[in-house]
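Presented below is the structure to which this report refers.
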Amino acid sequence: MVCRMFRIETEVDKARRDLLRSRLRDTNTAASPVLAALRGTPGEREAPLHVWGLDAEGGLAGGLVGHTWTTWLHVTYLWVDTRHRGAGLGSRLLAEAERLATARGCTAARLETWDFQAPAFYRGQGYEVVCVIPDYPPGITEYTLTKRLR
């Protein structure tokens, strides 16, 4: 019989986080031919993708922050100032991000949104709900949506 003793710690440790990430990446790469083929290629790296909407004075009217990875666009944030909603700015920001991602070789996009934010907006832009998580956080539903870009 093997007896193993472990000490459990809970402090934030960036060096251990980086080591864990590296080891998980190595384990995933060893288990997946797709990830193994990406190893060491430009497609392995995330590339930031930002699109900004500026008003007549140069102020921030809206913006989209995301990244591309492999053949996917991941939209992290999309926001339009209340004063500019309904003018098509959100659609323009999303379309430009999709255009840039397609030029980078992306064939799909994904994002998360909450029920009080914009699931209907994204559906109107051709996104489909692929995951619903009720009560995340409590009282709110989170949606994950995807879209084929080509």
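Remember, predicted model here, so these are calculated numbers, not experimental data.
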What about [X] and [Y], same hydrophobic cluster or not, with Ile/Leu/Val/Met/Phe/Trp/Tyr joined at side-chain heavy-atom distances under 4.5 Å?
X: Trp69; Y: Leu78; result: no
X: Trp79; Y: Val65; result: yes
X: Leu35; Y: Leu20; result: no

Between [atom1] on residue [X] and [atom2] on residue [Y], distance to nearest 0.5 Å:
X: Leu89; Y: Leu94; atom1: CG; atom2: CG; value: 11.0 Å
X: Arg104; Y: Leu149; atom1: CZ; atom2: CG; value: 12.5 Å
X: Leu64; Y: Leu111; atom1: CG; atom2: CG; value: 9.0 Å
X: Arg45; Y: Thr68; atom1: CZ; atom2: OG1; value: 11.0 Å
X: Glu96; Y: Arg99; atom1: CD; atom2: CZ; value: 4.0 Å
X: Asp135; Y: Ile140; atom1: CG; atom2: CD1; value: 9.0 Å

List the steps and the verdict of side-chain contact (heavy atoms from CB on, under 4.5 Å) for Thr113 and Tyr127.
CA-CA 12 Å; Thr113 190; Tyr127 284 74; over 6 Å; no

Taking all heavy atoms of [X] and all of [Y], pick out the closest pair and write down the distance.
X: Trp114; Y: Tyr136; answer: NE1-O, 3.4 Å
X: Cys131; Y: Ile133; answer: SG-CG1, 3.8 Å
X: Thr76; Y: His67; answer: OG1-ND1, 4.2 Å
X: His84; Y: Ala61; answer: CD2-CB, 3.5 Å
X: Arg150; Y: Cys106; answer: NE-O, 3.5 Å
X: Glu112; Y: His74; answer: OE1-NE2, 3.3 Å

Would one find more than 12 heavy atoms of other residues, nucleotides or ligands at under 6.0 Å from atom OH of Tyr77?
no

Has Trp52 got more than 12 heavy atoms of other residues, nucleotides or ligands less than 6.0 Å from its CH2?
yes

Check: [Y] and [X] side chains under 4.5 Å, non-hydrogen atoms:
X: Arg39; Y: Asp26; result: yes
X: Leu60; Y: Asp81; result: no
X: Leu49; Y: Leu73; result: yes
X: Ser91; Y: Phe121; result: yes

Under the side-chain hydrogen bond (donor to acceptor under 3.5 Å, both in side chains) test against Lys147, which residue among Glu98, Glu128, Gln125 passes?
Glu98

Give a yes or no on whether the backbone of [Y] and the side-chain of [X] come within a donor-acceptor separation of less than 3.5 Å.
X: Ser22; Y: Asp18; answer: no
X: Arg110; Y: Trp72; answer: no
X: Arg85; Y: Val80; answer: yes
X: Arg92; Y: Gly53; answer: no

For Val129 and Leu145: C-alpha separation, side-chain torsions, deciding distance, then whether side-chain contact (heavy atoms from CB on, under 4.5 Å) applies.
CA-CA 4 Å; Val129 175; Leu145 297 97; 3.8 Å; yes

